[in-house]
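Just so you know, these numbers come straight off a predicted model, no measurement behind them. Chain letters run A, B, ... following the sequence lines, proteins first and then strands; every chain starts at 1.
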There are 2 protein chains.
Amino acid sequence: MTPVTAAERSDAARNRERLLLAARELIGQGGVAALTMDRLAEHAGVGKGTIFRRFGSRAGLMLTLLDDSEAAFQARVLFGPPPLGPGAAPLDRLIAFGAGRIAYVLEYGDLVLAAGHASRGRFDVPAAALWNHHVQMLLREAGVDSPEPWLMAGSLNATLDAERLLHLVRDHGVTIERLATSWRDLVTRVAGGA
Amino acid sequence: MTPVTAAERSDAARNRERLLLAARELIGQGGVAALTMDRLAEHAGVGKGTIFRRFGSRAGLMLTLLDDSEAAFQARVLFGPPPLGPGAAPLDRLIAFGAGRIAYVLEYGDLVLAAGHASRGRFDVPAAALWNHHVQMLLREAGVDSPEPWLMAGSLNATLDAERLLHLVRDHGVTIERLATSWRDLVTRVAGGA
DNA sequence: AATAGAACCGGACTACGGTCCGTTTAGTCC
DNA sequence: GGACTAAACGGACCGTAGTCCGGTTCTATT
């Protein structure tokens, strides 16, 4: 977050902390929907413009709020124990990745949803690029020789879209187990399995 | 559109026509973004409330605007010549369906995008259910025996999400041919092909 | 410690989608 | 054709995300 070129000014840092704290408080009280920018500004004792300079948009703020948990998940994928982390067979890692992603999305629900409504389109966000790359790597290791590896990885990731998953769970009562099963089925077939 | 239970009142019909005409005019002049509800109301000489009673939301209006082309595409899929229509091998129909869908989304671009921002979530819209059912049927005919046929069809359709396709084309310069290739690769693998 | 200027601050302002409710009008029944 | 009712109408109103810019505060420099 802190730019390399210049240290963050102390008042800016103080306000950023205040804002994140106030944001979590508001969400804790009334859910993500209760977090409006006006309320946040008032509750944090800060001007509205300050929020937008700092986080760019409401979605940017949500992204920042998710930073910690997102980093934790990334760490589990990149350095954690198998099958999610390195060490397991590529297909098993792929299956575990989907299951983990599904669990993550359902756990943070509305927050992920709100973060997705970024003006940038929710695809170019750094994390998305990382997952794309990760899936692409696992596919290659699994021996999948696709004419469009990058697009194939993107397609599989589109399957894990937060809005879709939450819609299925909330409006159709689909269980997390069924989602995981479906993902396993999909990637197994793509990888040329049974 | 006209409810079976009661005929539409003449003033309502007149205003609906006015609104659709004015909407197409505004879009023709300044693109979909230029179609704001206030402007539309003024340009059509109609109150704003009238628009919302008739179409429910901005997305609903967009959906209505797409009605004709959507119906045309549906007709091609359900009754048209192979490989999109009936008569071809299931896998070929599936491939053609994706290609057709991609072309459709790219052709109507922003309109489809705006229609997708419906409050209902863009998944429960009637057309989406139809495509889901269609893909599910083709998979079954192709001998794909999935533990979750409905979710599998939904996953494949998620791959054709308008926002994703348009993002790839507009922000990454991906061609329609590459998208079609990737879709073919995906469904071929799912169907157990090469 | 004084100073300059960059970074930051705040809140009034805009544009938008969507709602509400008192008013008008179309269709119907006598 | 007059009266009645349900439907449609319209535009003021609301809450929202996001912008703008004059004033303020921090920090580096001397």
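Considering only residues two or more places apart in sequence or on other chains, B/Glu42 meets the side chain to side chain contact (heavy atoms under 4.5 Å, CB included) condition with none of them. Taking the ring-ring contact (aromatic ring centres under 6.0 Å, His included) definition, one finds that B/His172 meets it with A/Trp150, B/His167, sequence neighbours left out. With sequence neighbours left out, the ring-ring contact (aromatic ring centres under 6.0 Å, His included) criterion links B/Tyr108 to B/Tyr104.
Whole-Å rounding puts the A/Arg58 CZ to D/dT19 P distance at 15 Å. In this entry the distance linking CZ of B/Phe52 with P of D/dA8 reads 17 Å, nearest Å. Rounded to whole angstrom, the span from the NZ atom of B/Lys48 across to the P atom of D/dC14 amounts to 13 Å. Atom CD1 in B/Ile51 sits roughly 11 Å away from atom C1' in C/dG17 (whole-Å rounding). Counting to the nearest Å, the C1' atom of D/dA8 and the CZ atom of B/Phe55 are 14 Å from each other. Rounded to whole angstrom, the span from the CZ atom of B/Arg54 across to the P atom of D/dA7 amounts to 13 Å.
Judged as a side-chain hydrogen bond (donor to acceptor under 3.5 Å, both in side chains), not a single pair has a partner in residues 90-103 of chain A (not counting sequence neighbours).
Taking the side chain as every heavy atom from C-beta outward, B/Phe97 and B/Asn157 approach each other to under 4.5 Å.
Of the residues in residues 26-47 of chain B, those placing a heavy atom less than 4.0 Å from an atom of DNA chain D are B/Val46, B/Gly47, in numerical order.
Phosphate contact (OP1/OP2 of C/dC8, side-chain N/O of A/Thr50, threshold under 4.0 Å): absent. Contact annotation: A/Asn15 side-chain N/O to C/dC9 OP1/OP2 distance is under 4.0 Å.
The backbone N or O of B/Val187 lies less than 3.5 Å from no partner atom in the side chain of A/Arg189, so there is not a single donor-acceptor pair.
Taking 4.0 Å as the cut-off between side-chain N and carboxylate O, B/Asp11 and B/Arg16 do not count as a salt-bridged pair. The existence of a salt bridge linking B/Arg54 and B/Glu8 is confirmed by a sub-4.0 Å separation between a basic side-chain nitrogen and an acidic carboxylate oxygen.
For the residue pair A/Asp185 / B/Ser146, a side-chain donor-acceptor distance below 3.5 Å is found, with atom types taken as modelled.
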ask   = When you check every protein heavy atom under 4.0 Å of nucleotides 21-30 of chain C, what one-letter string (B, S, -) results, 5' to 3'?
value = ----BSS---
